[in-house]
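Since the structure comes first, as structure tokens, the remarks are kept for the end.
Just so we're clear, the structure is a prediction, and the values are computed from it rather than from any experiment.
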Amino acid sequence: RCSTETHTLSRSTRVMSTFVTLAVSMHSGGVTGARRASAGTRRSSSESICRTAASSQIGTRGSIRSLSQTISSLTARCGSSGNARNRSVTTRAAPTSVTDDFAAAASGEWEGHKVYFDEHGVPVQIPDKYMPPAFKEWGQVLVDWQSQCAMKVTVDTGLYARELRFIPTAGCEADSSTVETKWDRVVDVGNITPATAACSSIALGSYSAGPSDLSAKGATSSDATDFDILTIEHCLAFEDKPKPKKNETEAKRARVRVQQHLQFDADTKEFALKKLTAWKEFFYEPFNNAASLCASCGGPNKWGEFSVLPIETFVEGEWVGDVWGGFGDENVVLLPSGIYSKVTTTEKNELVLEAGWFVSDRDASYQPPCREVETHLVSTRVYGASGALSDVSFAKRERRVAR
């Protein structure tokens with residue numbers, strides 16, 4: 001729908017009134033396997049779009065290099081299809097846009113892995129002090145933090161999340177699993193734009209969040225400092241249909257969350273991407289505020305240690321569904337597991353923040369297909385020249401794979 005354990009607790013709990021000021025401090029380091037790229041693709045006139053509009057405009061300039069020549073030869077091969085959905089919807093973004101259906105879909109206990117990246121998409125290594133001795137002896141590098149998010153969304157108060165980060169374990173050491181960090185955060189209902197039933201493409205529970213006006217938050221003021229971090233969050237949800245042959249009665253639900261942390265430079269009056277935080281999560285039970293913790297084995301597979309997907313994954317072949325403007329000639333930060341981030345500035349001085357996720361037709365390259373199509377999910381948030389949120393949109397595209 002809208003085109004939308006015994007465990008030891010350590011560290012301190014931080015309560016945040018809004019994740020706009022969220023900045024998780026990490027030791028820097030790098031491993032290869034993530035890189036940046038750019039691409040261009042033409043729009044298919046046969047595709048349609050689901051949009052949720054907000055209000056007005058802000059000036060910024062993305063500070064990531066362009067690599068447009070990388071895929072210029074691909075543009076001509078981007079196909080179109082006459083089987084597009086004709087589904088254009090525009091509504092005003094308002095607190096009332098958070099519906100009961102969306103709240104129910106976004107709420108729950110979500111387990112998975114969290115990875116930190118620098119502005120180039122290079123994953124940050126987990127500090128040595130948290131590494132199990134066995135991993136050090138084997139010379140292994142870890143970037144995936146096992147995570148759990150207890151999320152509760154209400155129509156009146158907005159989004160509450162208890163975010164847990166676990167110390168890595170070697171094997172299924174169930175009795176030694178430790179929560180390394182726990183913090184609670186709250187996002188005001190007015191700063192959430194959900195993908196709602198008004199647009200019937202992307203799975204319900206998808207959303208983007210951030211301030212409705214950047215200038216009101218002081219992000220563009222002349223006294224902005226190095227500590228003024230703007231954080232925009234995108235959440236893209238995906239549902240696997242039940243498989244009767246496996247006696248499945250309910251859809252399997254997964255989601256990707258991407259936080260883009262940007263710094264405003266008071267001298268240049270520009271925003272620059274400073275770092276990224278991303279989660280790949282799976283729903284495992286209704287919300288209980290992390291009263292029960294996920295298994296120390298790590299639950300779903302880690303994802304941050306793998307290579308990124310090639311640009312061709314997103315632009316080749318015949319796609320049907322919602323309109324996607326492509327990567328254009330601007331920078332895109334490619335992350336593992338088909339996730340990416342894009343921060344650009346238009347000729348109209350609009351700040352465009354996009355995150356996407358490619359869902360393959362199989363869960364691993366060595367496994368047989370488990371889905372009929374490949375899926376590309378997109379969340380876009382636009383701020384105009386005045387600093388006000390001007391547009392929020394979600395898109396879902398699908399492509400059949402030749403067997």
Side-chain angles (χ1 to χ4, degrees), residues 1-2 4 13-24 51-56 91-110 114 147-164 182-199 202-219 229-237 253 255-262 277-279 281 283 286-291 353 355 379-383 387-394:
R1 307 176 184 91
C2 185
T4 146
T13 300
R14 294 171 285 164
V15 180
M16 309 183 68
S17 61
T18 174
F19 67 78
V20 173
T21 57
L22 176 65
V24 181
R51 286 197 175 278
T52 302
S55 58
S56 256
T91 58
R92 298 298 298 176
T96 54
S97 64
V98 174
T99 65
D100 289 330
D101 287 343
F102 162 74
S107 300
E109 301 291 324
W110 300 84
K114 173 182 184 178
S147 65
Q148 179 174 339
C149 175
M151 181 173 288
K152 179 68 173 179
V153 180
T154 65
V155 173
D156 298 325
T157 61
L159 183 153
Y160 160 83
R162 172 161 291 181
E163 305 275 7
L164 306 180
K182 178 185 74 172
W183 71 95
D184 297 345
R185 64 187 183 95
V186 175
V187 182
D188 185 78
V189 66
N191 291 333
I192 307 169
T193 306
T196 68
C199 301
I202 200 168
L204 200 61
S206 302
Y207 65 87
S208 72
S212 58
D213 193 326
L214 302 185
S215 59
K217 296 295 181 180
I229 298 293
L230 169 66
T231 297
I232 301 297
E233 178 168 306
H234 306 265
C235 178
L236 295 165
R253 299 162 55 192
R255 70 182 189 182
V256 161
R257 288 188 292 144
V258 178
Q259 288 184 347
Q260 299 163 320
H261 308 284
L262 303 99
T277 308
W279 294 257
E281 304 172 312
F283 178 87
F287 173 80
N288 60 27
N289 207 21
L353 304 128
S379 168
T380 307
R381 198 170 180 89
V382 182
Y383 290 89
L389 181 67
S390 62
D391 186 65
V392 177
S393 65
F394 303 88

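Here the shortest heavy-atom pairing between S97 and I192 reads OG-O, 4.2 Å. Listed here is the closest heavy atom pair of A237 and A203: O-CB, 3.4 Å. Among all heavy-atom pairs drawn from A106 and V153, the shortest one is CB-CG2, 3.9 Å. Counting all heavy atoms, side chain and backbone alike, R162 lies closest to A290 at CD-CB, 4.0 Å. Across all non-hydrogen atoms, the minimal contact from C235 to G205 is SG-O, 3.9 Å. Contact record, T193 with V392: CG2-CG1, 3.6 Å, taken as the closest heavy-atom pair.
In this structure, the side chains of P211 and Y383 come closer than 4.5 Å at one or more pairs of heavy atoms. Looking at K152 and N289, their side chains never come closer than 4.5 Å, going by heavy atoms from C-beta outward. At least one side-chain heavy atom of V155 sits under 4.5 Å from a side-chain heavy atom of D100.
S379 is linked by a side chain to side chain contact (heavy atoms under 4.5 Å, CB included) to S208, H234, L236, F394, counting only residues two or more places apart in sequence or in another chain. Scored by the side chain to side chain contact (heavy atoms under 4.5 Å, CB included) test, A161 finds C149, M151, L159, E163, R185 as partners (sequence neighbours excluded). Evaluation of the side-chain hydrogen bond (donor to acceptor under 3.5 Å, both in side chains) rule for N288 yields E285, S292 as partners, not counting sequence neighbours. Residues passing the side chain to side chain contact (heavy atoms under 4.5 Å, CB included) test with T157, sequence neighbours excluded: T154. In this structure F283 satisfies the side chain to side chain contact (heavy atoms under 4.5 Å, CB included) test together with W110, R253, P286, sequence neighbours excluded. Looking at residues two or more places apart in sequence or on another chain, you find a salt bridge (charged side-chain N to carboxylate O under 4.0 Å, His left out) between R255 and E281.
Checked by atom type and distance alone, the side chain of R381 never pairs as donor or acceptor with a backbone atom of I232 at under 3.5 Å.
Atom CG of L164 and atom NZ of K182 lie 7.5 Å apart (nearest 0.5 Å). Rounded to the nearest 0.5 Å, atoms CD (Q259) and OG1 (T231) are 6.0 Å apart. Atom-to-atom distance recorded for R257:CZ and E233:CD is 5.0 Å, nearest 0.5 angstrom. One distance of note links CG of L230 with CG of L353; it measures 7.5 Å at 0.5 Å rounding.
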With side chain to side chain contact (heavy atoms under 4.5 Å, CB included) as the test, would you mind laying out the steps for Q148 and W279 before giving the verdict?
CA-CA 10 Å; Q148 179 174 339; W279 294 257; over 6 Å; no
